[in-house]
Amino acid sequence: MDSSKGRPVEGTGARARAAALDAADPLAGFVDRFLPMGAAGPAGDLAAGHGAPVVAYLDGNSLGRPPREVAERMQDLITATWGSRLIRGWTDEWMTWPETVGDLVGGSVLGAAPGQTVVADSTTVMLYKLARAAVAARPGRHEIVLDTDNFPTDRYVLEGIAQERSLRLRWVETDPAEGIRPEQVAGAVGPDTALVVFSHVAYRSGWLADAEAITRIAHDAGALMLWDLCHSAGSVPVELDRWSVDLAVGCTYKYLNGGPGAPAFGYVAERLQGELQQPIWGWMGRRDPFEMGPGYRPAEGIRSVVSGTPPIMGMLPVRVGVELVAEAGIEAIRAKSVALTQFAIEIVDGWPNELGVEVASPRDPARRGSHVTLRRADFREVNEALWERGVIPDFREPDGIRIGLSPLSTTFAEVEQALAIMREVLESRPVATDSSSARAGAAGP
Ligand SMILES: *Cc1c(COP(=O)(O)O)cnc(C)c1O
């Protein structure tokens with residue numbers, strides 16, 4: 001899988017190769033399992049120039065596309081279940097959805113045996129609950145180890161917990177184009193480390209951390225390990241049980257296609273469930289919620305992670321999305337993900353140096369998730385221009401465009417078309433001369 005720099009993949013060559021890759025893609029049939037991409041957004045978006053028909057959707061790592069089946073099953077939930085079962089829906093089935101949908105997520109994409117995963121809250125809230133439970137379970141230790149390039153919400157939540165509990169944060173400096181490495185973690189943990197928190201796939205670079213090795217290092221220091229799997233779940237194989245991970249959280253609206261604001265998942269290894277106590281004591285996590293008695297007594301097992309009423313409307317699309325991923329199989333998804341990111345990198349590598357575009361993601365596919373970040377100083381404006389032409393990646397500070405390649409819904413033809421349009425946009429714009437990120441020689445004399 002080495003980079004094929006110099007291979008002629010531009011223009012018609014790239015187009016033919018995309019067609020061949022799509023024709024040979026065993027997951028090609030899944031593209032039609034998603035609703036077609038709309039022609040135009042609402043009027044407000046049109047005014048902003050964002051109403052162009054979508055040519056290529058390259059942001060499934062931020063918000064996955066809706067599976068067709070969601071529309072039908074939502075309709076059914078609303079009319080047949082909510083509409084006719086009414087309050088009885090809770091006792092019929094909804095009450096246990098946090099655990100049953102949790103087990104579906106755990107078994108399909110997390111490598112987790114039943115009884116260790118729930119679906120509830122947002123990732124931010126779930127992260128707070130599990131991280132706060134973890135530090136309380138290591139009372140003699142005063143440090144949380146994290147990295148400078150973790151997703152903002154992760155950093156803020158941990159800053160808040162550190163302040164609340166008078167703990168110290170030990171920051172590992174990560175290269176924004178790469179990510180957290182085992183040797184950096186080994187140098188940061190010690191007898192005072194209570195908890196170690198990293199993202200498995202870095203939101204900016206797409207770096208895929210060696211979760212098994214890093215978890216072992218955290219454990220050797222006596223610390224608990226919490227992984228954020230937002231960019232992993234549904235795109236790369238995850239083996240929480242086999243890696244002996246303690247805690248994990250993640251989104252369901254990215255590669256699991258659960259829809260905007262879909263609830264998060266949380267994983268607590270069975271061996272820790274009696275020891276850890278999450279801090280938001282609500283009636284739905286109590287031993288018998290309908291006893292409504294005085295005092296909080298946590299439910300047995302993973303149910304104790306639940307706080308309030310489960311978001312049933314938000315969970316149904318999660319079910320559908322995870323079932324789709326399970327049907328395709330995570331190994332096949334990973335293989336296509338690697339091929340998609342490799343194809344994108346090959347095309348960009350074939351661009352002339354004068355375009356000044358730098359690949360800010362790992363070149364080794366074994367260390368790369370399912371998105372590729374490109375850099376150039378004017379990419380904020382370039383991203384706007386792409387959106388106006390129906391090519392939808394996203395911009396990430398300070399100068400990155402992320403090309404998110406969601407294996408079930410993205411075609412190779414889409415990647416080729418998007419990058420051909422991006423190249424046109426770039427060729428129409430002079431390279432900014434103040435770019436510290438542009439390749440040497442690309443910024444002029
Ligand atoms: C997307 C993402 C989140 C989002 O958290 P929300 O509570 O859903 O807003 C958190 N962490 C990481 C690493 C993410 O990529």
Side-chain angles (χ1 to χ4, degrees), residues 58-65 101-102 105 109-110 117-132 144-161 171-172 174 176 178-180 195-209 211 214 225-236 238 240 245 247-267 278 280 305 307-308 310-311 313-315 317-318 321-322 337 361 368-373 393-397 400 402-406:
L58 304 176
D59 216 1
N61 58 323
S62 199
L63 177 63
R65 287 173 53 191
V101 182
V105 175
V109 298
L110 305 181
T117 312
V118 282
V119 171
D121 308 318
S122 63
T123 298
T124 301
V125 172
M126 186 63 79
L127 175 67
Y128 172 75
K129 286 160 73 169
L130 299 193
R132 176 70 173 62
I144 301 174
V145 171
L146 70 169
D147 73 293
T148 48
D149 207 40
N150 206 343
F151 190 82
T153 217
D154 299 58
R155 290 182 273 118
Y156 306 153
V157 162
L158 297 173
E159 284 169 356
I161 290 175
W171 296 91
V172 177
T174 34
E178 296 199 346
I180 190 75
L195 175 67
V196 179
V197 182
F198 300 117
S199 286
H200 184 215
V201 173
Y203 83 103
R204 207 195 297 263
S205 67
W207 173 267
L208 174 58
I214 290 172
M225 180 76 226
L226 190 162
W227 284 104
D228 185 322
L229 304 174
C230 281
H231 278 86
S232 316
S235 73
V236 297
V238 174
L240 294 181
V245 168
L247 302 157
V249 298
C251 297
T252 60
Y253 53 79
K254 294 175 178 171
Y255 294 104
L256 296 176
N257 305 295
F265 60 81
Y267 164 95
Q278 63 88 1
I280 302 180
V305 175
S307 298
M313 301 295 282
M315 274 194 215
V318 175
V322 174
S337 159
S361 289
R368 187 172 68 228
S370 206
H371 68 270
V372 172
T373 296
D394 65 22
F395 173 76
R396 282 293 176 268
E397 292 286 351
R402 290 193 311 181
I403 309 284
L405 303 166
S406 190

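For ligands, and for the atoms within them, numbers begin at 1 and follow the listed sequence. Counting begins at 1 with the first residue of the sequence.
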Which of the numbered atoms in ligand 1 are below 4.0 angstrom from a heavy atom of [X]?
{"X": "Cys251", "result": "1 (C), 2 (C), 3 (C), 4 (C)"}
{"X": "Ser199", "result": "13 (C)"}
{"X": "Cys230", "result": "2 (C), 3 (C), 10 (C), 11 (N), 12 (C), 13 (C), 14 (C), 15 (O)"}
{"X": "Ser122", "result": "7 (O)"}
{"X": "Thr153", "result": "10 (C)"}

Under 4.0 Å from ligand 1, counting heavy atoms only, is it the side chain of [X], its backbone, both or neither?
{"X": "Asp154", "answer": "side chain"}
{"X": "Thr124", "answer": "both"}
{"X": "Asp228", "answer": "side chain"}

Is the backbone of [Y] close enough, under 3.5 Å, to the side chain of [X] for a donor and an acceptor to pair up by distance?
{"X": "Lys129", "Y": "Ile280", "result": "no"}
{"X": "Ser199", "Y": "Asn150", "result": "no"}
{"X": "His371", "Y": "Tyr203", "result": "yes"}
{"X": "Ser406", "Y": "Tyr255", "result": "no"}

Protein residue, atom and distance nearest to [atom], heavy-atom basis:
{"atom": "atom 5 (O) of ligand 1", "result": "Thr123 CB, 3.5 Å"}
{"atom": "atom 9 (O) of ligand 1", "result": "Tyr253 OH, 3.6 Å"}
{"atom": "atom 3 (C) of ligand 1", "result": "Phe151 CE2, 3.5 Å"}

Requested in this report: Mind listing the closest non-hydrogen atom pair of Pro176 and Ser205 along with its distance?
Outcome: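 Minimum heavy-atom separation between Pro176 and Ser205: O-CB, 3.2 Å.
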Report task. Indicate the atoms forming the closest heavy-atom contact of Ile180 with Trp207, along with that distance. Result ->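 For Ile180 and Trp207, the tightest heavy-atom pair comes out as O-NE1, 2.9 Å.
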Query raised in the report: What do you reckon, does Lys254 put a non-hydrogen atom under 4.0 Å from ligand 1?
Result: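 True for this residue.
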**Report entry** Min N/O separation His231 to ligand 1 under 3.5 Å
**Finding:**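 Yes; at least one N/O pair falls below 3.5 Å.
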Requested in this report: Say whether Tyr203, considering both its backbone and side-chain N or O atoms, lies within less than 3.5 Å of an N or O atom on ligand 1.
Outcome: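 N/O-N/O distance under 3.5 Å: no.
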Report task. Could you walk me through whether Val245 and Leu247 pass the side chain to side chain contact (heavy atoms under 4.5 Å, CB included) test, one step at a time? Result -> CA-CA 6 Å; Val245 168; Leu247 302 157; 5.6 Å; no
**Report entry** Side chains of Ser235 and Ser337, donor plus acceptor under 3.5 Å
**Finding:**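 No, no side-chain donor-acceptor pair sits under 3.5 Å.
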Report task. Kindly indicate, with the supporting measurements, whether the criterion side chain to side chain contact (heavy atoms under 4.5 Å, CB included) is fulfilled by Met315 and Thr252. Result -> CA-CA 9 Å; Met315 274 194 215; Thr252 60; over 6 Å; no
